[in-house]
Enquirer: 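Quick one: structure below, then a few questions.
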Amino acid sequence: MRRLFPVTDETAAQASDGAPDARGADREWGLLELAEAYAYPAGNGPWLRANMVSTLDGAGQHEGRSQPISGDADMRIFGTLRALADVVVVGAETVRQEGYRPARARAEFAAARAEAGQGPAPVIAVVTASLDLDFSLPLFVSPLVPTLIVTGAQAPPDRVAAARKAGARVVVAGDGAGVDPARAVAALAELGHTRLLTEGGPRLLGQFVAAGVLDELCLTLSPMLVAGDAQRVAGGPSVKVPSRFELVSLLEEAGFLFGRYRRS
């Protein structure tokens, strides 16, 4: 892996001498190096980061799943971003399509998480209006930390009861059956989860974008073409004015580009 941006004066000087620096060298980075590169910004307020992958022709998935367009380096970054987060926010459809399981504790990050006051693994928070989920799955009955269900005040009472019986904690973030994205972020922050990571799906990410609460996008550009009519990384209604984000870092490995963008 090598860093393409930002280019420091030291990196430029070493490149002109024909000697790449340790950061810019084409090699496999360790997990702690990746953790440093993707560290959350300092501050006490909530920070919502998204991690998504897209093909060259704009597909956010292939045959309903993101795994076929991913790669080894992408999965290392995926694991690192999870290890840095307090909570992973995901839509119900993605839980069903991707076969979500509980987040696991990573020994490499145990000391850093403890020092940051985090639990052994991030909480999984499932955003759903209908609660149409299989509550017998490991995500609900055997997580390392209890799974959260983020829903509206008018969610089906029987499904809410089923979620609680399975051991999930229900968080209300909307007056109707649906979820208000800004209220969801605020509700999770009130529980102490200020380092938020969403892995989609596209509809959920589109809601966060439309609500103006997305702070950062970590986007993997996969060197693949799939054609067809696959969803983009964000869906739903378009925003009235395009949201401008700025590039803060760019890494490359095996033809995959790993961009990190923050809201301007």
Side-chain angles (χ1 to χ4, degrees), residues 48-82 85 87-104 121-144 146-152 155-156 159-160 162-163 166-168 170-171 173 177-179 181 184 188 196-210 214 217-222 224-237 256:
L48 177 59
R49 159 189 286 169
N51 181 33
M52 303 295 282
V53 59
S54 171
T55 63
L56 296 176
D57 52 346
Q61 53 189 229
H62 180 58
E63 296 183 345
R65 301 177 63 240
S66 60
Q67 188 276 332
I69 62 173
S70 181
D72 291 342
D74 184 45
M75 294 309 298
R76 292 201 306 274
I77 291 175
F78 174 91
T80 300
L81 294 182
R82 279 196 161 200
V87 60
V88 177
V89 188
V90 62
E93 182 62 21
T94 297
V95 168
R96 291 187 288 264
Q97 290 282 348
E98 302 279 356
Y100 258 60
R101 300 184 63 83
R104 61 188 179 92
V123 176
I124 303 293
V126 183
V127 177
T128 173
S130 67
L131 282 79
D132 181 17
L133 297 160
D134 183 353
F135 292 117
S136 68
L137 293 176
L139 177 61
F140 302 104
V141 299
S142 60
L144 193 59
T147 295
L148 301 178
I149 297 293
V150 184
T151 191
R159 300 306 296 162
V160 171
V170 178
V171 177
V179 173
L188 292 171
L196 298 93
L197 169 67
T198 181
E199 297 169 350
R203 190 185 327 176
L204 179 62
L205 180 54
Q207 291 171 354
F208 284 135
V209 171
L214 184 69
L217 174 62
C218 297
L219 180 65
T220 296
L221 184 61
S222 171
M224 300 181 188
L225 296 169
V226 299
D229 56 358
Q231 287 183 296
R232 297 159 41 201
V233 297
F256 285 79

Enquirer: If we count only N and O atoms by modelled type, under 3.5 Å, do the side chains of Glu98 and Ser66 hold a donor and an acceptor together?
Expert: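 Ser66 and Glu98 do have a side-chain donor-acceptor pair below 3.5 Å.
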Enquirer: Could you walk me through whether Leu148 and Val126 pass the side-chain contact (heavy atoms from CB on, under 4.5 Å) check?
Expert: CA-CA 6 Å; Leu148 301 178; Val126 183; over 6 Å; no
Enquirer: Nearest heavy-atom pair of Ala50 and Leu214: which atoms, and what distance?
Expert: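 Reported closest heavy-atom pair: CB-CD1, 3.8 Å.
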Enquirer: Determine whether more than 12 heavy atoms belonging to other residues, nucleotides or ligands lie under 6.0 Å from atom CG of Asp72.
Expert: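 Check fails, neighbour count at 12 or below.
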Enquirer: Which atom pair, heavy atoms only, marks the closest approach of Ser142 to Pro102?
Expert: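 For Ser142 and Pro102, the tightest heavy-atom pair comes out as O-CG, 4.0 Å.
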Enquirer: Are the side chains of Glu199 and Thr94 in contact, using a 4.5 Å heavy-atom criterion?
Expert: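 Result no, sub-4.5 Å side-chain heavy-atom pair not found.
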Enquirer: Can you check whether Met75 reaches Ser70 side chain to side chain, under 4.5 Å on heavy atoms?
Expert: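 Side-chain contact under 4.5 Å: yes.
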Enquirer: Show your reasoning for whether side-chain contact (heavy atoms from CB on, under 4.5 Å) applies to Thr151 and Leu131.
Expert: CA-CA 8 Å; Thr151 191; Leu131 282 79; 3.4 Å; yes
Enquirer: Can you name the closest pair of heavy atoms from Pro143 and Pro146 and give their distance?
Expert: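 Taking Pro143 first and Pro146 second, the nearest heavy atoms are CG-CA, 4.0 Å.
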Enquirer: Which value, rounded to the nearest 0.5 Å, describes the distance between Gln61 atom CD and Met52 atom CE?
Expert: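 So the gap between those two atoms works out to 8.0 Å.
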Enquirer: Do Arg101 and Leu139 make a side-chain contact, defined as non-hydrogen atoms from C-beta onward lying under 4.5 Å apart?
Expert: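 Counting from C-beta outward, Arg101 and Leu139 never come under 4.5 Å.
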Enquirer: Is the shortest heavy-atom distance from the side chain of Val53 to the side chain of Gln67 under 4.5 Å?
Expert: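 SC-SC contact between Val53 and Gln67 ruled out.
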Enquirer: Which atom pair, heavy atoms only, marks the closest approach of Ala103 to Leu144?
Expert: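 Heavy atoms of Ala103 and Leu144 come nearest at O-CB, 4.3 Å.
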Enquirer: If you apply the rule side-chain contact (heavy atoms from CB on, under 4.5 Å), what do you find for Leu196 with Arg49, and how did you get there?
Expert: CA-CA 6 Å; Leu196 298 93; Arg49 159 189 286 169; over 6 Å; no
Enquirer: Roughly how far, to the nearest 0.5 Å, is the CG atom of Leu56 from the CE atom of Met224?
Expert: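 It is 9.5 Å, given to the nearest 0.5 Å.
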Enquirer: Is there side-chain contact between Phe135 and Ile149, with heavy atoms separated by less than 4.5 Å?
Expert: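 Yes, their side chains come closer than 4.5 Å.
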Enquirer: Checking Arg96 now: which residues fulfil side chain to side chain donor-acceptor pair (under 3.5 Å) with it, not counting sequence neighbours?
Expert: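 In terms of side chain to side chain donor-acceptor pair (under 3.5 Å), with neighbours along the sequence ignored, Arg96 is linked to Glu93.
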Enquirer: Looking only at non-hydrogen atoms, find the nearest pair between Pro156 and Ser130 and report the distance.
Expert: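 Shortest heavy-atom separation between Pro156 and Ser130 comes out as CG-O, 3.8 Å.
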Enquirer: Looking at every heavy atom in both Val150 and Ala125, which two are closest together, and how far apart are they?
Expert: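 Val150 and Ala125 have their closest heavy atoms at CG2-CB, 4.1 Å.
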Enquirer: With heavy-atom distances below 4.5 Å as the criterion, would you say the side chains of Leu204 and Thr198 are in contact?
Expert: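 Heavy-atom side-chain distance check passes, below 4.5 Å.
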Enquirer: Check whether any side-chain heavy atom of Val89 sits under 4.5 Å from a side-chain heavy atom of Leu197, and report yes or no.
Expert: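 Not touching, per the 4.5 Å side-chain cut-off.
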Enquirer: Got a sec, which residues hit side chain to side chain donor-acceptor pair (under 3.5 Å) with Thr220, two or more places apart in sequence or on another chain?
Expert: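 Applying side chain to side chain donor-acceptor pair (under 3.5 Å) to Thr220 gives Asp74.
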Enquirer: Answer yes or no: is there a donor N or O on one side and an acceptor on the other, between the side chain of Ser54 and the main chain of Leu221, under 3.5 Å?
Expert: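 No; judged by distance alone, with no hydrogens or angles, the pair does not exist.
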Enquirer: Rounded to the nearest 0.5 Å, what separation is found between the SG atom of Cys218 and the CG atom of Leu81?
Expert: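 The SG atom of Cys218 sits 5.0 Å away from the CG atom of Leu81.
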Enquirer: Does the side chain of Thr55 come within less than 4.5 Å of Leu225's, by heavy atoms?
Expert: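 A side-chain contact is absent here, since even the closest heavy-atom pair is not under 4.5 Å.
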Enquirer: In sequence, state the C-alpha distance, the side-chain angles, and the governing distance for Arg82 and Val88, and then conclude on side-chain contact (heavy atoms from CB on, under 4.5 Å).
Expert: CA-CA 7 Å; Arg82 279 196 161 200; Val88 177; 4.1 Å; yes
